[in-house]
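Below: the structure, in structure tokens.
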Amino acid sequence: MMRIERGACSPDQAEQALAALDGGEGLYFGVDAGIAGLHPLQATLVTRPALRLGVHEDRLEVRALTAFGQALLDSSSLRAWRGSGPVERLRGFLRCFEPSPDILLLGALRFEAHRLAKAEALGSRLRGNDGELGVFYFPERMLRRDAHGRWSWVRFSLPGIEIGTEPLATAASRSPSPIGDDYAPGGYAEMVGRALTVLRERPLVSLTLSQSYRRRVEMPPSQAFARLRAANPAPASFFLNDGSGLRLFGASPDLQLVVANGEVQALPVCGTVARRPGAQGEADSLRELFNEDVDAAALAVCSDALREDLAPLCEPGSLRLRDRRRPMSLATVVHAVDRLAGRLRPDRDAWDAIVATAAPVMLTGAPRAEALRAISELEASPRGWYGGMVAQVASNGDALVGTLLRAAAGRGGVAEVRTGGDLLADSSPEREEAESRLKTRSLWRAFGLEAGPSTEGAASRDAAPLRVRLLADDDPFKAALADTLAALDIDCADDAPVCVIAGSIAAPAGLPVVAIGDAAYRLLARDGDVEAVSAEHGRVLHCTRAGSGDRFTAARYATHRLVRAPADWQVLASEEHSGDPVTLSSARTTCLLYRPDSLLCDDTARQLLREAVARLSAN
């Protein structure tokens with residue numbers, strides 16, 4: 001009879017065990033963030049797998065990794081293990097044990113695992129491909145984290161079998177992945193353009209396409225994963241070492257399935273907008289997301305197609321939409337989430353739901369068969385792990401399934417990141433390419449290959465402090481402006497070489513000037529055209545920097561409007577919708593037509609103030 005032991009584990013011990021996955025087989029699957037009430041916070045880390053169950057299209061290959069694993073295979077516990085196809089074998093394996101949330105299989109399946117549905121239908125008559133579709137592990141030892149963040153260890157043993165300490169054997173590493181992206185800049189947009197023609201000509205409701213980016217990396221994958229989890233906790237975080245040289249990790253927004261107490265829930269995610277800094281930035285990003293009709297329609301298609309997949313598994317009439325477009329904010333992006341829930345029929349279980357939703361409609365399109373055909377014709381490379389799933393299935397029938405998204409597959413010092421998006425007939429190719437690149441940021445930053453906004457800001461503040469003469473005695477926000485200057489490492493001094501003016505004070509003669517708000521409008525009126533308007537205080541502006549196209553949020557406090565800018569002045573940033581300038585510069589003057597000291601401004605809006613002072617100081 002198998003024994004189960006439990007004990008407390010510290011967070012530091014859990015992190016050390018996770019880092020050890022660089023050197024040996026195992027798997028981590030954690031629900032590290034999400035929406036309260038929808039995403040059950042927890043984690044499982046198989047630190048010492050006893051059995052490796054390799055999933056093929058037509059079979060299950062089982063290999064013992066420890067002495068306990070071999071004894072388990074030879075024990076009476078598994079005498080009743082039966083099943084023809086690979087999924088039936090996985091189901092039969094867990095049926096050999098008593099119902100328990102701790103007796104489980106933890107594994108990952110590639111995108112091509114959608115072929116398992118055909119394998120289940122044909123059984124032994126199917127001759128499958130030789131490639132492995134995925135792997136599951138049965139643990140000898142694992143760590144678990146509960147909803148309160150407390151870690152514990154769980155260990156399994158059999159009478160007469162000593163607990164092993166020998167290192168686990170791993171298979172030989174395969175060749176590293178090639179370097180290079182699927183498409184040069186603009187190439188993905190061209191492919192999306194061809195795909196829109198396919199959408200019009202074929203019986204497709206939607207289509208999801210993707211592309212891969214590849215970079216040489218030096219950071220150990222476990223270290224990059226630790227950085228990713230700290231910066232971007234997600235509903236489905238995972239790290240896999242499958243023994244072949246692969247290190248697969250990611251932080252996916254998509255917890256695909258939750259099965260508990262006979263009920264199945266699906267949580268489709270659709271729509272991605274970059275999360276702007278701060279509370280105001282987050283609100284702006286969510287407003288942009290929820291005002292986007294294309295994303296709303298795409299999520300509706302995903303939910304309807306998932307209902308098509310799950311309805312045959314559920315009791316009639318029980319599968320319903322319980323939540324519609326719930327907002328979910330992660331570290332770098334915001335998403336919208338639907339929730340479908342239904343009660344499984346007595347003759348269906350979590351394995352049926354896994355097979356039914358493999359290659360989910362969010363990652364293929366609808367109808368799925370036609371979408372898979374279009375994907376094979378249009379995409380430049382095989383998907384591999386992208387769009388697959390990480391799955392935890394317990395002997396009591398409960399299960400968690402996450403979609404493999406926002407993932408890096410590392411092998412031989414090369415990391416591959418694959419991203420994509422759902423298309424409808426009126427999708428914009430350029431927007432789809434921009435969104436695809438946006439989704440790679442958190443992974444490349446985890447490897448230290450791209451600095452985030454906060455790092456850039458810190459770098460600029462490492463320079464020697466700048467000095468300005470602040471002239472704003474009658475300005476209602478003088479203290480806030482002084483505090484903003486101090487936060488940017490700009491000292492205020494009466495003998496400074498640059499002036500910052502706000503309020504009604506005129507610009508002094510002979511000194512370079514940064515003018516803010518109404519002071520800037522008065523200065524521009526000397527050579528341009530400015531008119532008085534009703535007071536606009538506290539209005540949020542959505543702006544774009546010239547040249548880079550970077551977007552930022554600012555706040556307008558003004559009683560004037562610029563009708564015509566002075567000749568020969570350079571526009572450094574403009575409001576997105578109207579195109580009106582918000583930052584202008586000449587040789588010795590910069591005008592900010594917003595208040596950089598407002599809490600509604602983000603870091604970019606404030607950095608424009610520092611850049612203006614730095615430029616004028618250098619001149």
List the atom of [X], the atom of [Y], and the distance in Å for their closest heavy-atom pair.
{"X": "Ile354", "Y": "Ala391", "result": "CD1-CB, 4.1 Å"}
{"X": "Asp309", "Y": "Val361", "result": "OD2-CG1, 4.2 Å"}
{"X": "Leu21", "Y": "Val46", "result": "CD2-O, 4.1 Å"}
{"X": "Pro139", "Y": "Phe156", "result": "O-CD1, 3.3 Å"}
{"X": "Pro40", "Y": "Val31", "result": "O-CB, 3.2 Å"}
{"X": "Ala14", "Y": "Cys9", "result": "N-SG, 3.9 Å"}

Is it the case that more than 12 heavy atoms not belonging to [X] sit under 6.0 Å from its [atom1] atom?
{"X": "Glu308", "atom1": "CD", "answer": "no"}
{"X": "Arg3", "atom1": "CZ", "answer": "yes"}
{"X": "Arg216", "atom1": "CZ", "answer": "no"}

Does some side-chain heavy atom of [Y] sit less than 4.5 Å from a side-chain heavy atom of [X]?
{"X": "Asp22", "Y": "Pro221", "answer": "yes"}
{"X": "Val390", "Y": "Leu240", "answer": "no"}
{"X": "Gln211", "Y": "Asp181", "answer": "no"}
{"X": "Val337", "Y": "Ile35", "answer": "yes"}
{"X": "Asp398", "Y": "Gln392", "answer": "no"}
{"X": "Leu340", "Y": "Arg307", "answer": "yes"}
{"X": "Leu400", "Y": "Thr44", "answer": "no"}
{"X": "Ser206", "Y": "Asp422", "answer": "yes"}

Determine whether the side chains of [X] and [Y] contain a donor N or O and an acceptor N or O closer than 3.5 Å.
{"X": "Ser152", "Y": "Arg144", "value": "no"}
{"X": "Ser100", "Y": "Ser395", "value": "no"}
{"X": "Asp242", "Y": "Ser244", "value": "yes"}
{"X": "Ser210", "Y": "Glu379", "value": "yes"}

Query raised in the report: Hey, are Glu61 and Arg63 close enough for a salt bridge, meaning a charged N less than 4.0 Å from a carboxylate O?
Result: no
Ignoring hydrogens and geometry, is there a side-chain-to-backbone donor-acceptor pair from [X] to [Y] under 3.5 Å?
{"X": "Thr403", "Y": "Leu405", "answer": "no"}
{"X": "Glu433", "Y": "Ala189", "answer": "yes"}
{"X": "Tyr213", "Y": "Thr419", "answer": "no"}
{"X": "Arg145", "Y": "Arg150", "answer": "no"}
{"X": "Arg411", "Y": "Glu416", "answer": "no"}

Does anything in [range] pair up under ring-ring contact (aromatic ring centres under 6.0 Å, His included), and if so which pairs, sequence neighbours excluded?
{"range": "residues 345-382", "result": "Phe136-Trp351"}
{"range": "residues 369-393", "result": "none"}
{"range": "residues 78-105", "result": "Trp81-Phe93, Phe93-Phe97, Phe93-Phe138, Phe97-Phe138"}

Enumerate the salt bridge (Lys or Arg N to Asp or Glu O under 4.0 Å) contacts for [range], please, sequence neighbours excluded, ordered by first and then second residue.
{"range": "residues 218-240", "result": "Glu15-Arg229, Asp32-Arg229"}
{"range": "residues 400-409", "result": "none"}
{"range": "residues 351-361", "result": "Arg91-Asp352, Arg348-Asp352"}

**Report entry** Partners passing ring pair (Phe, Tyr, Trp, His ring centres under 6.0 Å) against His335 (at least two apart in sequence or in another chain)
**Finding:** none
Query raised in the report: Who passes ring pair (Phe, Tyr, Trp, His ring centres under 6.0 Å) against Phe225, sequence neighbours left out?
Result: Tyr28, Phe239, Phe249
Query raised in the report: Are Val55 and Leu90 close enough, and set up right, to give a side-chain contact (heavy atoms from CB on, under 4.5 Å), and what steps lead you there?
Result: CA-CA 9 Å; Val55 181; Leu90 291 166; 4.2 Å; yes
Query raised in the report: Of all residues at least two apart in sequence or in a different chain, which pass the side chain to side chain donor-acceptor pair (under 3.5 Å) check with Arg6?
Result: Asp102
Requested in this report: Please list, chain by chain and in numerical order, all residues satisfying side chain to side chain donor-acceptor pair (under 3.5 Å) with Arg82, sequence neighbours excluded.
Outcome: none
Query raised in the report: Rounded to the nearest 0.5 Å, how far does CZ of Arg326 lie from CZ of Arg339?
Result: 7.5 Å
Requested in this report: Test Met362 against every option in Thr357, Leu306, Val269, Leu299 by the side chain to side chain contact (heavy atoms under 4.5 Å, CB included) rule and name the one that passes.
Outcome: Leu306
Report summary line: Only residue of Ser237, Ser442, Pro253 satisfying side chain to side chain contact (heavy atoms under 4.5 Å, CB included) with Asn232 is Ser442
Query - Set of residues satisfying side-chain contact (heavy atoms from CB on, under 4.5 Å) with respect to Pro367, sequence neighbours excluded - result: Leu204, Glu370
Query - Partners meeting side-chain contact (heavy atoms from CB on, under 4.5 Å) with Ser381 (sequence neighbours left out) - result: Asp182, Ser212, Arg214, Arg418
Query raised in the report: What class does the angle between the rings of Phe447 and Trp444 fall in, given that below 30° is parallel, 30 to 60° is tilted and above 60° is perpendicular?
Result: tilted
